[in-house]
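Numbers here simply count residues along the sequence, with the first being 1.
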Amino acid sequence: MKYAGEVIDLMACYPGREFRLMELVRHVSRGRYLIDAEKTRMQRGIQRAMEALRDAGSVTIQEPEEGSHGRTYTWRVTVPSHEAYKSVTHSVT
């Protein structure tokens with residue numbers, strides 16, 4: 001997936017934080033000016049990456065509330081692996 005790596009790098013650093021599409025576009029483009037065609041192409045690619053990450057269970061997508069604009073994307077908060085290990089080993093002993 002074309003922009004998945006850049007989006008994962010940003011969102012995984014901030015689990016639970018909501019991102020709007022333009023924030024993700026700005027990160028992937030490194031803040032450079034994009035003509036409309038480039039911006040649209042990048043938005044569609046990022047949306048496809050977000051849908052694939054949602055299907056994998058890594059991202060949640062919130063539809064806008066009534067009167068609001070745009071979806072928000074959130075990296076799912078998970079239990080760190082060492083915490084999961086401690087809880088499993090604690091329950092066994």
Side-chain angles (χ1 to χ4, degrees):
M1 188 98 349
K2 189 166 186 172
Y3 302 114
E6 294 95 331
V7 170
I8 290 169
D9 288 344
L10 173 64
M11 294 181 75
C13 291
Y14 303 98
R17 180 189 184 278
E18 293 181 351
F19 289 89
R20 295 183 57 188
L21 180 60
M22 286 313 298
E23 291 176 290
L24 299 174
V25 169
R26 197 173 306 115
H27 175 75
V28 171
S29 69
R30 295 187 172 102
R32 71 179 177 85
Y33 176 78
L34 301 172
I35 61 172
D36 289 340
E38 287 177 309
K39 185 167 37 173
T40 300
R41 195 169 32 251
M42 193 171 283
Q43 287 172 338
R44 288 184 183 151
I46 291 171
Q47 287 172 334
R48 281 193 294 272
M50 292 293 98
E51 289 167 6
L53 289 167
R54 178 196 56 204
D55 293 344
S58 299
V59 169
T60 58
I61 300 175
Q62 296 83 29
E63 294 297 329
E65 294 179 14
E66 189 83 23
S68 296
H69 298 285
R71 296 172 164 177
T72 57
Y73 305 92
T74 307
W75 190 263
R76 288 190 55 225
V77 178
T78 58
V79 176
S81 59
H82 69 285
E83 291 295 326
Y85 176 77
K86 286 196 303 188
S87 70
V88 169
T89 57
H90 179 66
S91 63
V92 173
T93 56

> Check whether any side-chain heavy atom of P15 lies under 4.5 Å from a side-chain heavy atom of R76, and answer yes or no.
no

> How long is the span from the CG atom in D55 to the CD1 atom in I61, to the nearest 0.5 Å?
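The CG atom of D55 sits 8.0 Å away from the CD1 atom of I61.
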
> Working to the nearest 0.5 angstrom, can you tell me the gap between L24 CG and E6 CD?
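If we round to the nearest 0.5 Å, L24:CG and E6:CD are 11.0 Å apart.
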
> So M22 and Q43, do their side chains get closer than 4.5 Å, heavy atoms only?
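Side-chain contact under 4.5 Å: yes.
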
> If you round to the nearest 0.5 Å, how far is CE of M50 from CD1 of I8?
7.0 Å

> Drop me the distance from M11's CE to E23's CD, to the nearest 0.5 angstrom.
9.5 Å

> Count the heavy atoms of every other residue, nucleotide or ligand shown that sit under 6.0 Å from CD of E65, and state whether that count exceeds 12.
no

> With heavy-atom distances below 4.5 Å as the criterion, would you say the side chains of V59 and V7 are in contact?
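Answer no - side chains too far apart.
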
> Rounded at 0.5 Å granularity, tell me how far CD in Q62 sits from CZ in R20.
13.0 Å

> To check you understand the geometry: which heavy-atom pair defines the closest contact between Y3 and V28, and what is its length?
CD2-CG1, 3.3 Å

> Does R30 CZ have over 12 foreign heavy atoms under 6.0 Å away?
no

> State, with a plain yes or no, whether a side-chain heavy atom of R41 is found less than 4.5 Å away from one of K2.
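The answer is no, as the side chains (C-beta and beyond) never meet within the 4.5 Å cut-off.
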
> Testing Q47, E18, R54, E51 for side chain to side chain contact (heavy atoms under 4.5 Å, CB included) with Y73, which one passes?
Q47

> Please round to the nearest 0.5 Å and tell me the distance separating atom CZ of R17 and atom OG1 of T72.
10.5 Å

> Who else is in the cluster with Y33 when I, L, V, M, F, W and Y are joined by side-chain contacts under 4.5 Å?
I35

